[in-house]
Amino acid sequence: MKFEVEVLCQDLVKPSFPTAQQSRYHQLSCIDQMMLTMYMPWIFYYPASDNSTKKEETCERVKRSLSEALTMFYPVAGRFRENKYVDCNDEGVHFVEAKAKCNIQDILQIPNSYDINKLLPFDMDHVGDEVACVQVTHFDCGGMTIGFAMCHKMGDALSSIMFLQTWSAISRGEGSATIVPHFDSAKYFAPVNLPEFDRGYVYNRKNFVTKRFVFDASSLSALRDRYVYRDNINEETIRPTRVEALTAYTWSKIMTVTEIKGSRDKVITASHAVNLRPRMNLPFSEQQFGNLVLDPELVNMVDNNKKSSCDDFVVRKMRETLVNLNAEYVKNLQSGNTYFDMIKESSRG
């Protein structure tokens, strides 16, 4: 089936209330500056409802609630300037209304990443000064999707979730459920002024291959049982989390392929993004907006002679690394150019 999407109209949705002059410039933290210039997509699927709300009314409600949410999250309606700050000029979020010539179930049954990208105004590797974009797509069956994408330089996935939760709460008329964000992450991770980061890193999807693997509940449970290990220090049996078990399983398959191809001199690393907010030991840290994540190197295996028997090591190393990312570690990370040096050293490897 050929999936076609027709753009009906485009607009800019601005904040419902002008941003104060003292909040005009949002300073990027050093973590923001070093993030990829790519957009993180979120797509929400809504089946046809029994009520008689017209498409025009639904779309207008989406735009109105978006405008109110942007008043609270005003940097999202701004524009990037020189990888240093966001000009909170209320220029607005790029908004597209479109129509898909199929039923919503057609794309849910056989998801294809290239088709799904048509439900967003921008490609993930779009290069521009826009912070975010939204697309409402209507389907022949009466269902619709809302696609939202925010540039990674503005914030991490949890920042996107903060915005989306507030936006949806406003749309439902639940003003008390909104989140009051804090936009001062640059105070904790000071910006850098170095030529190699002036333009930031540009995401190039040509260098990536995306695969989709589905694990049901019973498979995940079996994997967790497979990687149970004995902690001799605390004298207890540890059953790994789903993430730990899946990482170990994926690692074992990658190691097997590497050995088959004879790439024994390769250094293979695994890492997971870690939320620093709970580890910052600050009041209202959960409301901190921006990039407050760390990608610690969890595994750096050079000795491939151990083959896939290192699965147990992967699980242990992951847990050990995450436990050590405490408030003291984050405090040391904030001092000087520690974070920048760590990123630069990792890129050399």
S.K.: To the nearest 0.5 angstrom, please state how far the CG atom of Leu325 sits from the CG atom of Asn275.
M.R.: 11.0 Å
S.K.: Quick one: do the Thr37 and His152 side chains pair a donor with an acceptor below 3.5 Å?
M.R.: no
S.K.: Within the structure provided, determine whether Ile107 and Leu119 are in side-chain contact (heavy-atom separation under 4.5 Å).
M.R.: yes
S.K.: Does some side-chain heavy atom of Arg61 sit less than 4.5 Å from a side-chain heavy atom of Glu57?
M.R.: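 Not in contact.
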S.K.: Rounded to the nearest 0.5 Å, what separates atom SG in Cys151 from atom CZ in Arg79?
M.R.: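 Here the rounded value is 11.5 Å.
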S.K.: Hydrophobic clusters here meaning ILVMFWY residues chained together by side-chain heavy-atom distances under 4.5 Å, can you tell me if Tyr45 and Val62 are in one?
M.R.: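 No, separate clusters.
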S.K.: Would you say the side chain of Phe95 lies within less than 4.5 Å of the side chain of Leu12, judging by non-hydrogen atoms?
M.R.: no
S.K.: Quick one: does any side-chain atom of Thr237 pair with a main-chain N or O of Arg230 as donor and acceptor, under 3.5 Å?
M.R.: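 No: the side chain of Thr237 does not pair with the backbone of Arg230.
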S.K.: When you check the side-chain N and O atoms of Ser221 and Arg239, is any donor under 3.5 Å from an acceptor?
M.R.: yes
S.K.: Apply the hydrophobic cluster definition, ILVMFWY joined by side-chain contacts under 4.5 Å directly or through others, and give me every member besides Val214.
M.R.: none
S.K.: Report yes if the side chains of Asp156 and Leu292 come closer than 4.5 Å at any heavy-atom pair, otherwise no.
M.R.: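 With C-beta onward as the side chain, the pair touches.
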S.K.: Ignoring hydrogens and geometry beyond distance, is a side-chain donor-acceptor pair present between Thr178 and Thr166 at under 3.5 Å?
M.R.: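 No, Thr166 and Thr178 have no side-chain donor paired with an acceptor closer than 3.5 Å.
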S.K.: If you define the side chain from C-beta out and look only at heavy atoms, does anything of Phe183 sit under 4.5 Å from Tyr74?
M.R.: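 Side-chain contact under 4.5 Å: yes.
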S.K.: Give, for atom NE2 of His272 and atom OG1 of Thr247, the distance between the pair rounded to the nearest 0.5 Å.
M.R.: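 Separation between the atoms: 2.5 Å.
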S.K.: List the atom pairs, with distances to 0.1 Å, where a side-chain N or O of residues 134-143 and a protein N or O form a donor-acceptor pair under 3.5 Å, not counting sequence neighbours.
M.R.:
residue, atom, partner, partner atom, Å
Gln135, NE2, Lys118, O, 2.9
Gln135, NE2, Thr137, OG1, 3.0
His138, NE2, Glu97, OE2, 2.9
Asp140, OD2, Cys102, N, 3.3

S.K.: Over 60° means perpendicular and under 30° means parallel, so tell me whether Phe122 and His94 are parallel, tilted or perpendicular.
M.R.: parallel
S.K.: Say you draw a straight line from CG of Leu66 to CZ of Phe73; how long is it, rounded to the nearest 0.5 Å?
M.R.: 11.5 Å
S.K.: For the side chain of Asp184 and the backbone of Lys187, is there at least one donor-acceptor N/O pair under 3.5 Å apart?
M.R.: no
S.K.: Determine whether the aromatic ring centres of Phe44 and Phe148 lie less than 6.0 Å apart.
M.R.: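 Between Phe148 and Phe44, which both carry aromatic rings, the centre distance is not below 6.0 Å.
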S.K.: Strictly below 4.0 Å, N to O, side chains only: are Glu244 and Arg319 in salt-bridge contact?
M.R.: yes
S.K.: Salt bridge or not for Asp32 and Lys84, using N-O below 4.0 Å?
M.R.: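 No, no charged N to carboxylate O under 4.0 Å.
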